[in-house]
Amino acid sequence: MNINNNMKIGIITAVSVIALFVLSLLITQAPATDNPASRFGILTLLPPIIAISLAFITKETILSLFVGVFIGEFMLCVNDLNIVSSAVNAFLAIGNEVISCMADPWNAGIILQCLLIGGVIQLITKMGGAKALADSFAKHANTPRKAQLSTWFLGLCVFFDDYANSLIVGPIMRPVMDKLKVSRQKLAFIVDATAAPVAGIAIISTWIGLEISLIASGFKSIGMDVSGFGIFLQTIPYRFYNILILIFIVMSATTLYEFGPMKKAEQEARARKDSEPIKALEAPGFDEIQPVEGVKLTVWNAIIPIGTLVIGALISFYWSGYTTILSGENQALITLMKTAPLSFNGIFEALSASNASVALFQAALLASIVAILMAVLERIMTIEQAISEWVSGMKSIAITGVILLLAWSLGGVIGNVGTADYLAIVLKGTIPYWILPSFIFVLGALISFATGTAYGTMSILMPLTIPLAWAISPDIGFVVTATSGVLTGAIFGDHCSPISDTTILSSMGTSCNHIDHVQTQIYYAIFVAIIAILFGYIPAGFGIAWYICIPVAIIMMYIGLKVIGEKVDFEEIEEESA
């Protein structure tokens, strides 16, 4: 056995050395230029392709991300054929990249709020709030259909931020889904599909500030001074993927039809005996935590801390944006904040200008304090025990911070080697006008999937899309449709990508193995995306109205689900629950 392992290690090492030498040879022969996309050419695709491929093959997320970052840094460090020197410099550069990502205020806030929310969840669980809430949900969501629809509804309620959605909805509904034998993979899909797709079209969210600013800037480039918010509202009916994925969840939940790896996951969950523990998914979570012995179960031990988190987040969002506007130079917005701070426009502008990372951290810290005080005042735990459990909850999801840091590092390296710019250059060309919205959707999906960021994709494509659409067809409706392709394609790619932070957080919040979540979800996402293109963006490119496209797309999506799907029988569970 040891000989075989040594041989495998030797073969892998030899292949890696040869591959690095060939890569160095290709890079050194490339013409020198300051533009990374021109210098590396198709090689810019290597870091994301290697990271994503390894993740699917090995199911080791951290290893795959690390290798992807290393390859990217190696490419940037190559000056000659000395692969040892390049490899050492690449390794040192990884340390700098990770530290740089950790030092970024936005990233630091996201990691800290994830850790704090982990501590809050553990306290809620120890106080019996999570079990009481699950039991309460189970009384009403007492069938797999109702449980999935309840998860979908909760996802719609946490509309203001995709991160908050993943970290709140998953832990609440996981015990209910487990009891009703719905797979963790299906739960993770529903949570992920109601995160970015909802936040991306919500008129009050942490996304809208970036979206409307990019839209306004894009229209200014063609000499049109428009309301970014007004154009944003016009894009909503043409956000076909966002709308259809939300309808698909309801469709799948009510029919119980599944296909692809998700069908297998649901069949395995259905076959699990009540006494049989859930298959170890090698995911961070809170599965084995039990309430303090003898504690009185009450839903308020969950509702109050979670309510504090949600309400605190909204207040923090507002206050962050409010103070940002007052300290800025836009006199119109300053006047609005002073005269009508609580008007719809005032709230909208404040939320648009907020720093979501800081706001969520502040809300999570407040919720942590409230949960600790409740545990102590109810005499469930001493102050030392409560703080210890809070810290323990943060430790249990520390691995998520490592994954996020590596994912962000990979995103930084991908930006440095020019992956997104290369894709935009190669795929942009002379195309028929009617295919432009679909083309933009696919291009946005590819860039977002490869880079793991919807924000970055929108920032890259929007300045290209609006002038291109106007040049092809100077019609405002056509430009709006193409604009929606940017926003929706970016979200679709982000939704599928294994290196996306929201995908990672959805896996963590539901205690589902990350690669299992990606492998089961991607079939559903691609299915809905194909429907969105064939019956949404292509007809819309010809000028067909959204109120015709969407009903037809829903009908075709239902027919497709019935044709390729198969019902996973939960009837016995439903009868027992009834």
Side-chain angles (χ1 to χ4, degrees), residues 105-106 109 113 153-165 168 194-220 224-239 242-243 246 306-367 454-455 458-459 462 466 476 479-480 483-484 487 491 546:
W106 174 274
Q113 61 104 350
F153 179 73
L154 281 177
L156 296 182
C157 290
V158 189
F159 59 87
F160 54 87
D161 185 73
D162 50 335
Y163 295 151
N165 182 301
I168 293 173
T194 55
V198 172
I201 58 175
I203 61 173
I204 297 177
S205 75
T206 54
W207 286 59
I208 195 169
L210 174 69
E211 290 175 312
I212 63 175
S213 64
L214 290 174
I215 291 171
S217 297
F219 274 90
K220 281 183 181 179
M224 297 180 66
D225 188 13
V226 301
S227 166
F229 181 60
I231 298 296
F232 170 84
L233 291 178
Q234 293 181 51
T235 68
I236 291 178
Y238 293 95
R239 307 282 282 275
N242 300 52
I243 296 169
L246 295 175
I306 292 174
T308 301
L309 176 63
V310 174
I311 296 172
L314 290 172
I315 294 174
S316 295
F317 285 144
Y318 177 83
W319 182 251
S320 172
Y322 177 83
T323 54
T324 299
I325 290 172
L326 290 183
S327 61
E329 299 179 356
N330 190 322
Q331 293 301 318
L333 291 181
I334 292 174
T335 302
L336 175 64
M337 288 296 108
K338 289 181 177 180
T339 57
L342 296 179
S343 65
F344 175 82
N345 287 338
I347 294 173
F348 167 75
E349 294 293 348
L351 293 180
S352 298
S354 68
N355 185 326
S357 175
V358 174
L360 283 170
F361 168 69
Q362 293 168 337
L365 181 59
L366 178 61
Y455 280 17
M458 293 174 184
S459 301
M462 195 67 78
I466 293 177
I476 191 68
V479 178
V480 166
T483 301
S484 74
L487 302 175
I491 288 175
W546 62 268

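None of these values were measured; they are calculated from a predicted model.
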Quiz item: Can you list the residues that meet the side-chain contact (heavy atoms from CB on, under 4.5 Å) rule with A364, with sequence neighbours excluded?
Solution: Q113, L116, I117, L309
Quiz item: Rounded to the nearest 0.5 Å, how far does CD1 of I347 lie from CG of L314?
Solution: 10.0 Å
Quiz item: Does any N or O in the side chain of R239 come within less than 3.5 Å of the main-chain N or O of G200, such that one atom is a donor and the other an acceptor?
Solution: yes
Quiz item: Can you check whether Y238's main-chain N or O pairs, donor with acceptor, with S484's side chain at less than 3.5 Å?
Solution: yes
Quiz item: Given side chains that start at C-beta, do those of I491 and N242 come closer than 4.5 Å, heavy atoms only?
Solution: yes
Exercise. Return the minimal non-hydrogen interatomic distance between A363 and A313, and the atom names on each side.
Key: CB-N, 3.3 Å
Exercise. Check each of I201, I215, I236 against L487 using the side-chain contact (heavy atoms from CB on, under 4.5 Å) test, and report the only one that passes.
Key: I215
Show me the donor-acceptor pairs, under 3.5 Å and distance only, between side chains in residues 333-345 and residues at least two apart or in other chains.
{"from": "T335", "atom 1": "OG1", "to": "Q331", "atom 2": "O", "distance (Å)": "2.8"}
{"from": "T339", "atom 1": "OG1", "to": "T335", "atom 2": "O", "distance (Å)": "2.7"}
{"from": "S343", "atom 1": "OG", "to": "A340", "atom 2": "O", "distance (Å)": "2.9"}
{"from": "S343", "atom 1": "OG", "to": "G346", "atom 2": "N", "distance (Å)": "3.1"}

Quiz item: Would you find more than 12 non-hydrogen atoms of other residues, nucleotides or ligands less than 6.0 Å from L233 atom CG?
Solution: yes
Self-check item: Heavy-atom side-chain contact between T323 and W319 under 4.5 Å
Solution: yes
Exercise. Using side-chain contact (heavy atoms from CB on, under 4.5 Å) as the criterion, list what pairs up with T324, not counting sequence neighbours.
Key: S320
Practice problem: List in chain and number order the residues that pass side-chain contact (heavy atoms from CB on, under 4.5 Å) with L154, two or more places apart in sequence or in another chain; answer none if no residue qualifies. | Solution: F137, V169, I172, M173
Quiz item: Going by heavy atoms in the side chains, are E211 and T235 under 4.5 Å from each other?
Solution: no
Exercise. Supply the atom-to-atom distance I476 CD1 to M224 CE, rounded to the nearest 0.5 angstrom.
Key: 4.0 Å
Exercise. Go through the structure and list residues passing ring pair (Phe, Tyr, Trp, His ring centres under 6.0 Å) with F219, not counting sequence neighbours.
Key: none
